[in-house]
**Q** 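So that we are looking at the same thing, I have put the structure below in structure tokens.
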Amino acid sequence: MELWFTEKHTENVHFSIRVEKQLCSVQSEFQRIDVFDSTEFGRFLTLDGLVMITEKDEFIYHDMIVHIPMATNPKIKNVLVIGAGDGGTIRELTRYQSIEQIDVAEIDEMVVTVCREHLPKTASRFSDPRVVLHFEDGLRYVRSKTEQYDLIIVDSTDPFGPGEGLFTKEFYGNCFKALRDDGILVNQHESPYYKDDVMSMKRAHQRIQSFFPNCRVYQAHIPTYPSGHWLFGFASKKYDPIKDLDADLWNSLGIKTKYYNTELHKGCFALPTYVNELLENTDDE
Ligand code: AG3
């Protein structure tokens, strides 16, 4: 008997992974949480039937969401991570000795519990003393914060279900307020390829741009996400991610990575023409 996990990337495109075993399936207050084991991608986590991470390719996403902002400003000390219940982003952040505090606002405690049990490769650093877990909606958490963080990482799901509020103008405005003068906001920015994802990513870009003077979008290749072509947003009150990169300084830290390097740092902001055009023609309601 063969067992397959399938995610609908569009009405007409399905992506399937052959499953060796289903390790966990629970319904939390917020969403359905599943963990599977597979030959091709190792263990993988899905939320409401959408792939969040696989053991084989999570390093790409987590390298890119963490090391791009950290290399742009290695003096970052106070970080807020929103979402991130699988722990991958936290694992990468804890590699920087210079970081003093990592607040994590994750809406669903059950995601953390499940990942601690079944995905120890990503959920490995929750017990670092600098990590403070807040099990609450990131949208609400950030509302009450003012000039407190050097970096906010929005490591969310797609813009529907529990993650919806993390793509709103209200949320981005509150992130702006919660950041210090030289603060950086990085978010997972959806894909430029299929129609529905394009709409989300254009909208996110438009909304972020209405608050931050410096906004850039960068890309990575993530095999298990829709189209495999994924974007991240970089927004700052002060920094330009390319001009302000001190490659020698980051390289001197000796942080060994499998995807990120300082040449790729500069290259990932060079986007295909059709993506640049999508980002130029944004019209929000
Ligand atoms: N968060 C972004 C996942 C988006 C995937 N979308 C999809 N499969 N339709 C991942 C969280 C990793 N820490």
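Whatever order the structure lists them in is the order used to number ligands and atoms, beginning at 1.
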**Q** Less than 3.5 Å between some nitrogen or oxygen of Tyr61 and one of ligand 1, yes or no?
**A** yes

**Q** Run the contact test for His9 against ligand 1 with a 4.0 Å cut-off on heavy atoms, strictly below, and give the result.
**A** no

**Q** Are His134 and Tyr141, when compared by the centres of their aromatic rings, separated by less than 6.0 Å?
**A** yes

**Q** Looking at Glu20 and Arg18, is any side-chain nitrogen of the basic one under 4.0 Å from a carboxylate oxygen of the acidic one?
**A**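 Salt bridge flag = yes for Glu20 with Arg18.
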
**Q** Record the part of Glu58 in heavy-atom contact with ligand 1 below 4.0 Å; permitted values are side chain, backbone, both and neither.
**A** neither

**Q** Just distances here: any N/O of Thr89 and N/O of ligand 1 closer than 3.5 Å?
**A**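 Checking ligand 1 against Thr89, no N or O pair falls under 3.5 Å apart.
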
**Q** Decide, yes or no, whether a salt bridge links Lys21 with Asp37 under the criterion of side-chain N to carboxylate O below 4.0 Å.
**A** no

**Q** For atom 11 (C) of ligand 1, what's the nearest protein heavy atom and its distance?
**A**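 Looking only at protein heavy atoms, the one closest to atom 11 (C) of ligand 1 is Asp155 OD1, 3.1 Å.
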
**Q** Using distance alone, determine whether Ile53 and ligand 1 share an N or O pair under 3.5 Å.
**A**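 No; every N/O pair is 3.5 Å or more apart.
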
**Q** Can you tell me the protein heavy atom closest to atom 10 (C) of ligand 1 and the distance?
**A**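 Going by distance alone, atom 10 (C) of ligand 1 is nearest to Tyr225 OH, 3.2 Å.
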
**Q** Determine the interplanar angle of the His67 and Tyr260 rings, folded into 0 to 90°, and report it as parallel if under 30°, tilted if 30 to 60°, perpendicular if over 60°.
**A**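 Ring orientation of His67 relative to Tyr260: tilted.
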
**Q** Is Glu7 in polar range of ligand 1, meaning some N or O pair under 3.5 Å apart?
**A**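 Min N/O separation from ligand 1 is below 3.5 Å for Glu7.
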
**Q** Does the distance from a Lys or Arg side-chain N to an Asp or Glu carboxylate O, for Arg143 and Glu170, drop under 4.0 Å?
**A**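 Salt bridge between Arg143 and Glu170, a charged N being under 4.0 Å from a carboxylate O: yes.
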
**Q** N/O to N/O below 3.5 Å, does that happen between Thr157 and ligand 1?
**A** no

**Q** Pick one of side chain, backbone, both or neither for how Pro226 approaches ligand 1, counting any non-hydrogen atom pair under 4.0 Å.
**A**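 The answer is the side chain.
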
**Q** Examine Phe211 together with Tyr172 and report whether their ring centres are nearer than 6.0 Å.
**A** no

**Q** Give the ring-plane orientation class for Phe5 versus Phe36, where under 30° counts as parallel, over 60° as perpendicular and anything between as tilted.
**A** tilted

**Q** Which residue and non-hydrogen atom of the protein lie closest to atom 4 (C) of ligand 1, and at what distance in Å?
**A** Asp158 OD1, 3.6 Å

**Q** Using a 4.0 Å heavy-atom cut-off, say whether His62 meets ligand 1 through its side chain, its backbone, both or neither.
**A** side chain

**Q** Judged by atom type as modelled, is there a donor-acceptor pair below 3.5 Å linking the side chain of Glu106 to the main-chain atoms of Asp108?
**A** yes

**Q** Relative to the ring of Phe269, is the ring of Phe234 parallel (under 30°), tilted (30 to 60°) or perpendicular (over 60°)?
**A** perpendicular

**Q** Give me the nearest non-hydrogen protein atom to atom 5 (C) of ligand 1 as residue plus atom name, then the distance to 0.1 Å.
**A** Val51 O, 3.4 Å

**Q** Taking the non-hydrogen atoms of Ser156, is any one of them nearer than 4.0 angstrom to ligand 1?
**A**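 Checking ligand 1 against Ser156, which is what was asked, there is a heavy-atom contact under 4.0 Å.
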
**Q** Among all protein non-hydrogen atoms, which one is nearest to atom 13 (N) of ligand 1, and what is the separation to 0.1 Å?
**A**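 Of the protein heavy atoms, Asp86 OD2, 2.5 Å lies nearest.
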
**Q** Which class fits the ring pair Tyr225 and Tyr61: parallel under 30°, tilted 30 to 60°, perpendicular over 60°?
**A** perpendicular

